[in-house]
2 protein chains.
Amino acid sequence: MARLAGVSEATVSRVLNGVGPIKEQTRARVMEAAKALNYVPSALAQGFARKRSGNLGVILPLLPKVNLFSTHYFSELLSGIGATARRYGYDLLLLFREPDEPREYERLFQAQKIDACLILGAQDVEPERLALAELAAAGRQFCLVSQRFEGAGYNTVDADHREGTRAAVHHLLDRGYSRIWFLNGPSSYSNSADRLQGYQEAMLERGASFEPGHVLIGNYSRTSGYRLSAEIERRIRSGEADAIVAGSDRMAIGVLQGLKEKGLLAGRDYGLVGCDDSEGAKLTEPMLSSVAVPFYEMGCQAADQLLAPLAKGETSSSFQLKLPVELIARGSSGG
Amino acid sequence: MARLAGVSEATVSRVLNGVGPIKEQTRARVMEAAKALNYVPSALAQGFARKRSGNLGVILPLLPKVNLFSTHYFSELLSGIGATARRYGYDLLLLFREPDEPREYERLFQAQKIDACLILGAQDVEPERLALAELAAAGRQFCLVSQRFEGAGYNTVDADHREGTRAAVHHLLDRGYSRIWFLNGPSSYSNSADRLQGYQEAMLERGASFEPGHVLIGNYSRTSGYRLSAEIERRIRSGEADAIVAGSDRMAIGVLQGLKEKGLLAGRDYGLVGCDDSEGAKLTEPMLSSVAVPFYEMGCQAADQLLAPLAKGETSSSFQLKLPVELIARGSSGG
DNA sequence: AACTTTTATGTACGCGCGTACATTTTCGCA
DNA sequence: TGCGAAAATGTACGCGCGTACATAAAAGTT
């Protein structure tokens, strides 16, 4: 390669990396030789010399077991991350984490498999806190997506779920519903706390009362919503409830199906709003009103915030982004 | 590290890789030192020395634009691949391909970013054929998932889609439907040809006639099914058709929704069966009968076939797997 | 024309591991 | 006890790049 171009390996390296002053004629000769030989530098050797892998790690829970993620959430987010990473010349290293497996995030950095990483589906549990603290202590570049840890100051990209449920409640109130119950997910996700807060705020803002007993807890799965539909039916028939805001579309759909079997129709007999605006929201009868979350955009932002400084060699400043959500009104809320 | 254990770097390497004869006492000392220093070998340096990256490439079309994949398909497959890869100590390198981008698969191998790769969503078009031929010529380890190229002898893992639509047709015939139309996807996917063949076979087997005019073409998206529902309505009302087999759940759902708006209910006014048994199949009213495809298992198999030989250092033999599918009968076929 | 900058290129080395080969130690057996 | 074989470990080098430093060529400057 260097021989064919009649220059030293160092010059080849300079040309290919655009480093230092190069005579135009030399550059042309090198490029020509590279093309002639179909030369592709070894990313392995480059990485070894530069001490960086060129990979952006994406850590996520193994999907089949996980209810937090709709596959919609997951694939939109990943697409956004992938599209952005490639713009920076980074590749995506995907890491599925088994549920009970130790969270050895720091090890990935030590092994130099990744230069930065995004963590999806993090939970506020002790092992997670420790693993993140370890990353922070080592000065690693990482970002939590859709999960915040209060007080820790970690990089975060999240959606404004608080505003989402707030809008959902206002919407239902505007539609004439007044006894709105809330079906939330596990409290180990900051999303859940955010949504609860939005629900509470909205109820109080509009002179409705906030009753802790009007909050039910599922696990974000359709099945959990379906199971709770029995209790919800009683509350509706007794006049205690006339509308539900659910923390995920999947739970909302479970509720919708469960109540339908019991003769209660969303949009006619009660109001229902979900969260995520997943594909399924358009498949139910009636269609499900939902809080749309810009997953793709969140993926882009998270990757961008992490990679932009790395690419420029700058030291990155910390960030906590919260992207806006949008209520999509459909039939299930009488719309 | 070597110093702390009182041995040479070579011995450390041998212990950590389990190579060559090692005195038990030495092994213990090295392991102890490694633990004490929290030593993690650099995968970058290892890869450089071994000339292998330890990464399994997964190439897939950028999702938002793609109708072939339901997100369900995608995430199940990926989970299976991920779970299997990790068993072999491999990591997943995810590569989103922009629709009109050149398919530079071989370059990934040359750059040593990956040791083997799985290709999802391949199409039988000229650039794809060239890119695959290039891989094969270079002797790369790769596997096509859910797409075959006849005559090329490439490694493949697919589902038995032919048997799937065959079963769907038989099921509809058993239910008393007789004028069954077929809604297929683009012919650049081998899936489409397989399904068409299954449809044709089943019709002829049971003494029904095969009419090429009874095959409609969509693009696997819900919207395309929805659009074609106008024509399907006419065929049903005219008595030319009384049931539909669709090549994807998404198209089937589009049809179901379109016909419902026109007053025709699946399972009552006509029979409908989809393919993939995606999440959405359980969300429609009535629920959608569908051909279940073992995506997760396909991902496992594809990764396993590729990595098992690599891990053992053997030369891998070629493989063409076709996994069985299963018809799930639900309300849309009168079940 | 001689000297100083600036520009362009070559030389030499290291990154952290794996491994062939050399060397030393241990063991079996005469 | 001695000697050969096997086991255990050390030594030395290379993998293919990037880059600091040395050097050479070109361009100004007086």
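Order of the sequence lines sets the chain letters (A, B, ...), proteins ahead of strands, with each chain counted from 1. Predicted, not measured: the structure shown is a model, and the values here were computed from it.
Aromatic rings from B/F74 and A/F74 are positioned such that their centres are separated by under 6.0 Å.
Here the side chain of B/Q320 pairs a donor or acceptor atom with the backbone of B/Y154 at under 3.5 angstrom.
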### Task
Between protein and nucleotides 8-18 of chain C, map the contacts as a letter string: B base, S sugar-phosphate only, - none, heavy atoms under 4.0 Å, written 5' to 3'.
BBBB---BBBB
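Partner of A/R148 under the side-chain contact (heavy atoms from CB on, under 4.5 Å) criterion, out of A/T156, A/V157, A/N191: A/T156 alone.
The pair B/R86-B/D91 does not count as a salt bridge, with every side-chain nitrogen at least 4.0 angstrom from each carboxylate oxygen. With salt bridges taken as basic N to acidic carboxylate O contacts below 4.0 Å, none links A/R29 and A/E32.
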